[in-house]
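No experiment lies behind these values; they were computed from the predicted model shown.
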Amino acid sequence: MKKVAVFGNAGAGKSTLAKQLAEATGLPLHSIDQMKYRPGGEEVDHADYLTAHKKLLETSCWVIDGFGCVTSAWQRFEAADTLVYLDLPLSQMAWWILKRFIKGHFKTPQGWPAGSPIWRSTWTSYRVLWLCHQKLTPRYRAYVAEQAKVKKVFHLRSLEDIKNFKKNYQ
């Protein structure tokens, strides 16, 4: 395990799990949100983001969490030797988005650039939650099932799955 892509829907706990995995394995952690947005929430030029993302994928080891855009997400999944897909129930992710919103008034959420607009980001997370569930979740599920033949794949569908996964890397 040298190149790990942690992905899933909004509010799935990607940043938290990726941080814990990076700490346990010693692999460097990279957050897509911190690459794609400047402090304060302003978006980085898309071409600059894609260039930085491509350079990161060429490095020898990493844990990367997040989405970014369709192009960069699929590039990252292909470059990874390990896929960690957080596929939790919608109700769980909606609850975690709300918790992040409340805590975000006191501390910048894990993986977010400093000064990110908590109201706008939360609204976007709730909007993306359903859209991702309808459009990307079926593609993600098919992809990880196929990739399990050639890569290390962890398809985490419950809090119990996450707990068991973390036990193996602590």
Side-chain angles (χ1 to χ4, degrees), residues 4-23 28-54 56-57 62-77 80 83-144 154-163 165-166:
V4 184
V6 180
F7 63 104
N9 204 335
K14 299 177 295 292
S15 296
T16 300
L17 185 64
K19 179 183 179 201
Q20 293 168 344
L21 182 60
E23 288 172 351
L29 174 63
H30 303 276
S31 167
I32 291 297
D33 285 345
Q34 290 183 352
M35 291 178 67
K36 194 164 169 56
Y37 299 97
R38 292 183 175 87
E42 180 187 347
E43 196 164 349
V44 170
D45 177 74
H46 189 65
D48 292 344
Y49 159 71
L50 289 175
T51 299
H53 181 266
K54 185 176 186 279
L56 176 58
L57 295 183
W62 38 258
V63 173
I64 303 175
D65 85 271
F67 179 71
C69 67
V70 172
T71 300
S72 66
W74 293 103
Q75 289 171 346
R76 186 167 50 259
F77 303 158
L83 301 171
V84 181
Y85 174 37
L86 290 154
D87 186 13
L88 301 176
L90 284 171
S91 59
Q92 181 66 59
M93 293 180 290
W95 169 242
W96 282 353
I97 291 169
L98 178 60
K99 281 178 59 177
R100 181 177 64 202
F101 171 72
I102 293 167
K103 290 180 178 182
H105 284 82
F106 305 101
K107 182 180 177 191
T108 300
Q110 179 67 42
W112 286 23
S116 293
I118 192 73
W119 282 99
R120 185 178 71 203
S121 298
T122 299
W123 173 249
T124 298
S125 291
Y126 277 119
R127 185 175 48 81
V128 166
L129 182 65
W130 182 248
L131 290 172
C132 181
H133 181 69
Q134 288 182 306
K135 299 195 183 295
L136 283 175
T137 297
R139 289 179 65 197
Y140 285 165
R141 288 174 178 164
Y143 183 74
V144 298
F154 299 92
H155 188 168
L156 309 178
R157 297 176 182 95
S158 67
L159 298 178
E160 187 69 22
D161 286 352
I162 293 171
K163 181 179 161 186
F165 174 78
K166 290 195 300 190

Do you know the tightest heavy-atom contact between [X] and [Y]?
{"X": "G11", "Y": "I97", "answer": "CA-CG1, 3.6 Å"}
{"X": "V128", "Y": "N9", "answer": "O-OD1, 3.8 Å"}
{"X": "S72", "Y": "Y49", "answer": "OG-OH, 2.6 Å"}
{"X": "K14", "Y": "D65", "answer": "O-CB, 3.9 Å"}
{"X": "I32", "Y": "R76", "answer": "CD1-NH1, 3.3 Å"}

*Answer yes or no: is there a side-chain heavy-atom contact under 4.5 Å between M35 and L56?*
yes

*Answer yes or no: is there a side-chain heavy-atom contact under 4.5 Å between L17 and K166?*
yes

*Return the set of residues passing side chain to side chain donor-acceptor pair (under 3.5 Å) with Y143 (not counting sequence neighbours), or none when no residue passes.*
E78

*Under the side chain to side chain donor-acceptor pair (under 3.5 Å) test, residues paired with T122 that sit two or more places apart*: none

*Among pairs that include at least one residue of residues 29-39, which meet salt bridge (Lys or Arg N to Asp or Glu O under 4.0 Å), considering only residues two or more places apart or in two chains?*
K36-E43, R38-E42

*Who are the salt bridge (charged side-chain N to carboxylate O under 4.0 Å, His left out) partners of E160, not counting sequence neighbours?*
none

*With sequence neighbours excluded, tell me which residues meet salt bridge (charged side-chain N to carboxylate O under 4.0 Å, His left out) with R141.*
D87

*Is there a donor-acceptor pair closer than 3.5 Å between any side-chain N or O of Y140 and the backbone N or O of L86?*
no

*Could you pull out all residues at least two apart from V70 that satisfy side chain to side chain contact (heavy atoms under 4.5 Å, CB included)?*
F67, W74

*Residues in side chain to side chain contact (heavy atoms under 4.5 Å, CB included) with Q92, at least two apart?*
L88, P89, W95, W96, L159

In chain order, what residues pass the ring pair (Phe, Tyr, Trp, His ring centres under 6.0 Å) check against [X], with sequence neighbours excluded?
{"X": "H155", "result": "Y85"}
{"X": "Y37", "result": "none"}
{"X": "W130", "result": "H133"}

Pairs under 3.5 angstrom only: tabulate donor-acceptor contacts from the side chains of residues 99-106 to other protein residues two or more places apart or in another chain.
{"residue": "R100", "atom": "NH2", "partner": "S125", "partner atom": "OG", "Å": "2.7"}
{"residue": "H105", "atom": "ND1", "partner": "F101", "partner atom": "O", "Å": "2.8"}

